[in-house]
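Reading through the structure tokens given below for one structure.
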Amino acid sequence: MDVYILAIESSCDETSMAIVKNGKEVISLVIASQMDTHALYGGVVPEIASRMHTEAITMVLEETLKKAQMKIEDMSAIAVTCKPGLTGSLIVGIEAAKTLALMYDKPLIGVNHLIGHIYANNIENEMEFPMLALVVSGGHTELLIMEDDYKFKKLGETLDDAIGECYDKVARVLDLKYPGGPNVEKLALEGEHNYDLPHPVMDDTYNFSYSGLKSAVINLVHNSKQRGEEINRADLACSFQEVAIDELTRKVEKAFRETNIKRLVVAGGVSANKYLKGEMQKLCDKYEAQLLIPRLLYCTDNAAMIGAAAYPLYLRKEFSDFSLNASSIGDI
Ligand code: AMP
Ligand code: MG
């Protein structure tokens, strides 16, 4: 029998719901973004985010059902992001999911947002195991081996800042608008790698480090301002991006060499970056490996990926009870 999962995502500044059939087919997807509001403040304001989720969630539910021409009664389960994310934002989605599960007597499935980003790769492609998974988001930078559904072995993670956070800070110091990542990428296209920025040197481990690079960019801009010197913003954006992504490619290359795994999936908001995609493709060509990166719609936060990640849990009947709660942390 076909499995229809109604999935809810509200971990940051997008209120999203989707109906996903058998973990793969997106029957409907609605994303209400708060981006324009948070852009006024230069970043996500948690209190505003949770209030806006509350305001949007009923409309998003109605729209999702209408688009699919389905009813909640038709659903097999209700899935929801429960970690990691902004606690106040997560709670709005979790309470909605609990209410629907209780009212319509449906199983409830709590999903890790980062695992959701990985399963976004299973929507239009087929994930095959074992594979390497590179998670690059606003709060996380992790390299994992995924041996099977929900079977992870962490190789390494960032010891300080996440790559997405670093993009956002660099954007701010370069006077680029929120959200920073896409704007740094755009500006970098106009520049060249002319600034000598520090590469983290930790070649013996799979861990990442971004705070040194971030501080170097911030200091360079501040020092130039103090001396009244003009900086070439496009060159600095390009130099930053190349060093930041090089840190990822070096660790993935090490993993290709040492594990002999021939598959790589990239997940999380930063996977929307075209330069990253190009560099990973070159690396995969060199090691004759398969590369999966979701299409743009599924790279950024969306509920379809939560429906995809909930499916293996549904099959295994790994349901949550009504004590399900939000957590701001939640590494894989
Ligand atoms: P997530 O935490 O998975 O929701 O992803 C959000 C993060 O991805 C933010 O830090 C964004 O700046 C970053 N991001 C989104 N698009 C891009 C891009 N094209 N290039 C670099 N970073 C990006
Ligand atoms: Mg995300």
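Whatever order the structure lists ligands and atoms in, that order sets their numbers, starting from 1.
Heavy-atom proximity to His117, at under 4.0 Å, picks out these atoms of ligand 1: 3 (O). Within the listing of ligand 1, atoms 8 (O), 13 (C), 21 (C), 22 (N), 23 (C) sit less than 4.0 angstrom from a heavy atom of Val270. With ligand atoms numbered from 1 in the order given, ligand 1 contributes 18 (C), 19 (N), 20 (N) to contacts under 4.0 Å with heavy atoms of Glu185. The ligand atoms of ligand 1 that sit less than 4.0 angstrom from a heavy atom of Ser137 are 1 (P), 2 (O), 3 (O).
Residue contacts with ligand 1: Gly181 is placed with a nitrogen or oxygen under 3.5 Å of a nitrogen or oxygen of the ligand (distance criterion only). An N or O contact shorter than 3.5 Å links Asp168 to ligand 1 by distance. Considering backbone and side-chain atoms together, Asn273 places an N or O closer than 3.5 Å to an N or O of ligand 1. When only interatomic distances are considered, the shortest N/O to N/O separation between Gly269 and ligand 1 falls below 3.5 Å.
Nearest-heavy-atom check against atom 2 (O) of ligand 1 across Gly138, Pro179, Cys299, Gly164 picks out Gly138.
Here Asp301 has side-chain heavy atoms under 4.0 Å from ligand 1, and that is the only part of it that gets that close. Residue-level proximity to ligand 1 for Lys274 is absent, since no heavy atom of it falls below 4.0 angstrom.
Looking only at atom types and distance, the side chain of Asp149 has a donor-acceptor partner in the side chain of Tyr119 under 3.5 Å away. Looking at His113 and Glu9, their side chains do bring a donor and an acceptor atom within 3.5 Å of each other. Side-chain atoms of Ser16 and Asn302 form no donor-acceptor pair, as typed in the model, at a separation below 3.5 Å.
Cation-pi contact between Lys24 and Tyr311: absent, since separation from the ring centre below 6.0 Å together with deviation from the ring axis within 45° is not met.
Summary: OD1 is the N/O/S atom of Asp301 found nearest to the Mg ion (ligand 2).
A single hydrophobic cluster is not seen to contain both Val20 and Val3; linkage of ILVMFWY side chains at heavy-atom distances under 4.5 Å, directly or through other members, places them apart. Under the 4.5 Å side-chain contact rule for hydrophobic residues, Leu264 and Phe208 share a cluster. In the hydrophobic clustering of this structure, Val173 groups with Tyr210; members are Ile, Leu, Val, Met, Phe, Trp, Tyr whose side-chain heavy atoms approach within less than 4.5 Å, directly or through other members. Met305 and Val266 sit in two unconnected hydrophobic clusters of ILVMFWY residues. Membership requires side-chain heavy atoms under 4.5 Å apart, directly or through other members.
Of all the heavy atoms in Ile329 and Lys83, the pair that sits closest is O-CB, 3.6 Å.
Centred on the Mg ion (ligand 2), the angle running from His117 (NE2) to His113 (NE2) is recorded as 80°, rounding to 10°.
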